[in-house]
Structure formats: C-alpha cells, structure tokens
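A quick write-up on the structure given underneath.
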Amino acid sequence: MEFDLHTHSSQGSACSRMNIWDLIHEACQKGLDGVCITDHDYCLGSKGVG
C-alpha cells in the first residue's frame with residue numbers, strides 16, 4: 001500500500017491551490033491508496049472546531 005502522508009488543501013492551508021476533491025482524484029490517478037491531509041490552519045471534523 002502506498003500513501004502520501006503530507007498533503008495540503010486550499011480549504012485549510014494557504015500553501016495549496018488544490019481543493020480536497022481534486023487532491024483525492026490526483027492521488028487515485030497516481031495509484032495511491034490514501035492521503036493524509038495535513039492542513040496548517042484548521043482542524044476539521046473535531047467537535048466544536050472548524
């Protein structure tokens with residue numbers, strides 16, 4: 001299995017221009033089994049944050 005453990009999305013990090021769905025699509029195109037989105041400024045999915 002192959003994963004990229006350090007990616008960023010435009011929704012949560014100023015250093016990326018790719019939205020989450022485009023990031024996932026590109027990962028699939030490259031044959032990756034998964035990605036870890038390591039955005040800088042937000043913690044989405046946590047209770048009360050985001």
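We use all heavy atoms of the structure for the numbers below, so side chains are in, but hydrogens, waters and symmetry mates are not.
- Judged by distance alone, the side chain of His8 and the main-chain N or O of His40 form no donor-acceptor pair under 3.5 Å.
- Taking CG from Asp22 and OG from Ser10, the interatomic distance works out to 8.0 Å, rounded to the nearest 0.5 Å.
- Taking the side-chain hydrogen bond (donor to acceptor under 3.5 Å, both in side chains) definition, one finds that Ser9 meets it with Asp39, sequence neighbours left out.
- Among residues two or more places apart in sequence or in another chain, the side-chain hydrogen bond (donor to acceptor under 3.5 Å, both in side chains) test is passed with Asp4 by none.
- In this structure, the separation between CE on Met18 and CD1 on Ile37 is 11.0 Å, given to the nearest 0.5 Å.
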Using a 3.5 Å cut-off and no angle test, enumerate the donor-acceptor pairs between side-chain atoms of residues 27-36 and protein atoms at least two apart in sequence or in another chain.
{"from": "Asp33", "atom 1": "OD2", "to": "Glu2", "atom 2": "N", "distance (Å)": "2.7"}

